[in-house]
Novice: 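If you scroll down you'll find the structure; I have some questions about it.
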Amino acid sequence: MTEESEKPVHTEESLMEKIAEKIHDHDSSSSSDSENEKAESPSALKAKIYRLFGREKPVHKVLGGGLPADVFLWRDKKLSAAVLGVATAIWVLFELVEYHLLSLVCHILIFSLAAMFLWSNAHTFMKKSPPKIPEIHVKEEHFLMIASALRNELNQAFVILRSIALGRDLKKFLMVVVGLWIISVVGNWFNFLTLVYICFVVLHTVPMMYEKHEDKVDPVAEKTMKELKKHYMVFDEKVLSKIPLASLKAKLG
């Protein structure tokens, strides 16, 4: 009788232990799921944050990645400073000193050829080894790649200009006209070399500053874009919608 009475007690204890283990496993799994949701929630919220120009990639990827992006974002400070210093020296040389490009190229070639010629002929008297001048061969592949990329960009630009000229996209037409007008105004203020140098300096400063403060810039840009869209909707409702584009297309067609 004692053995029979001990067996139900033992089975009841084992059942209670199994139930407790299942409850513990359920609690641990639910807690781990909640932790995963908490861990994933910041990334999900981060993905919903507005980024300037609707970009989804980091600034380094937007700039093309590799060495050019490293230079513009000052990942290698010595190289970036050297590139900016060379650009500044070129601008000072041509703009302030008013040196001409053809004269500069000729003077550099004269100095280089004279130095190499004298060194090649005087190495026997100076008891030094002659200069090792490497043979330079420009590969055809590089020119073909550059020409192909340039051709694709030109074809895309011609397609856009053709669609604008045919009156298919009024918004794009106005954007191009305003952009060209702004460039013409800026062109009256500076010459071409100064404008190129200003753009180069902007590329060396603005992306780097934006990457450091993008969390502060993006909300302001989002508000600005919303305001611009509101103004454009008002302009579209009061002005653009009243332009009889359908009749003009019918006459042109």
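The figures here come from the full heavy-atom set of this structure, side chains too, leaving out hydrogens, waters and symmetry mates.
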Novice: How far apart are the C-alpha atoms of E140 and L144, what are their side-chain angles, what is the distance that settles it, and do they pass the side chain to side chain contact (heavy atoms under 4.5 Å, CB included) test?
Specialist: CA-CA 6 Å; E140 186 179 0; L144 292 176; 4.0 Å; yes
Novice: Does the side chain of E95 come within less than 4.5 Å of N191's, by heavy atoms?
Specialist: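 Answer yes - side chains close enough.
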Novice: Over all heavy atoms of both residues, which pair between P219 and E214 is shortest? Give the atoms and the distance, please.
Specialist: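 Here P219 and E214 meet closest at CD-O, 4.3 Å.
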Novice: Any idea which heavy atoms bring T88 and Y197 closest together, and the distance?
Specialist: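 Answer, listing the atom of T88 first, then Y197: OG1-OH, 2.8 Å.
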Novice: Return all side-chain donor-acceptor pairs below 3.5 angstrom for residues 149-157, not counting sequence neighbours, or 'none' if the list is empty.
Specialist:
from, atom 1, to, atom 2, distance (Å)
N152, ND2, S148, O, 3.2
N155, ND2, R151, O, 3.2

Novice: So for atom CZ, which belongs to F94, do other residues, nucleotides or ligands contribute more than 12 heavy atoms lying within a distance under 6.0 Å?
Specialist: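 Atom CZ in F94 is packed in, count exceeds 12.
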Novice: Looking only at non-hydrogen atoms, find the nearest pair between W74 and A81 and report the distance.
Specialist: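 Result for this residue pair: CZ3-N, 3.8 Å.
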Novice: Could you tell me if the side chain of I160 sits less than 4.5 Å from the side chain of V176, heavy atoms only?
Specialist: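 A side-chain contact is absent here, since even the closest heavy-atom pair is not under 4.5 Å.
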Novice: Are any of the side-chain nitrogens in K223 or E227 under 4.0 Å away from the carboxylate oxygens of its partner?
Specialist: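 Salt bridge absent between K223 and E227.
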Novice: Check whether W91 reaches the backbone of L96 with its side chain - one donor and one acceptor, N or O, closer than 3.5 Å.
Specialist: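 No, because the side chain of W91 does not come within donor-acceptor range (under 3.5 Å) of the backbone of L96.
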Novice: Show the numbers, then the answer: is there a side chain to side chain contact (heavy atoms under 4.5 Å, CB included) between L79 and L67?
Specialist: CA-CA 10 Å; L79 181 59; L67 185 61; 3.6 Å; yes
Novice: Are V201 and V83 connected in the hydrophobic side-chain network, where two residues link if heavy atoms are under 4.5 Å apart?
Specialist: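 Linked, V201 and V83 end up in one cluster.
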Novice: Could you walk me through whether L73 and Y210 satisfy the side chain to side chain contact (heavy atoms under 4.5 Å, CB included) test, starting with their C-alpha distance in whole Å, then the side-chain angles of each, then the deciding distance to 0.1 Å, before giving a yes or no?
Specialist: CA-CA 10 Å; L73 295 176; Y210 171 71; over 6 Å; no
Novice: If you look at every heavy atom in L195 and F190, which pair is closest and at what distance?
Specialist: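 Closest approach of L195 to F190: N-CB, 4.3 Å.
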Novice: Applying the 4.5 Å side-chain criterion to the ILVMFWY set and letting contacts propagate, would L84 and M209 be lumped into a single cluster?
Specialist: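 Yes; tracing contacts between hydrophobic side chains, which count when under 4.5 Å, links both residues.
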Novice: Please tabulate, for the side chains in residues 99-118, all donor-acceptor contacts under 3.5 angstrom to protein atoms that are two or more places apart in sequence or on a different chain.
Specialist:
from, atom 1, to, atom 2, distance (Å)
Y99, OH, H107, ND1, 2.4
H107, ND1, S103, O, 3.4
S112, OG, I108, O, 2.9

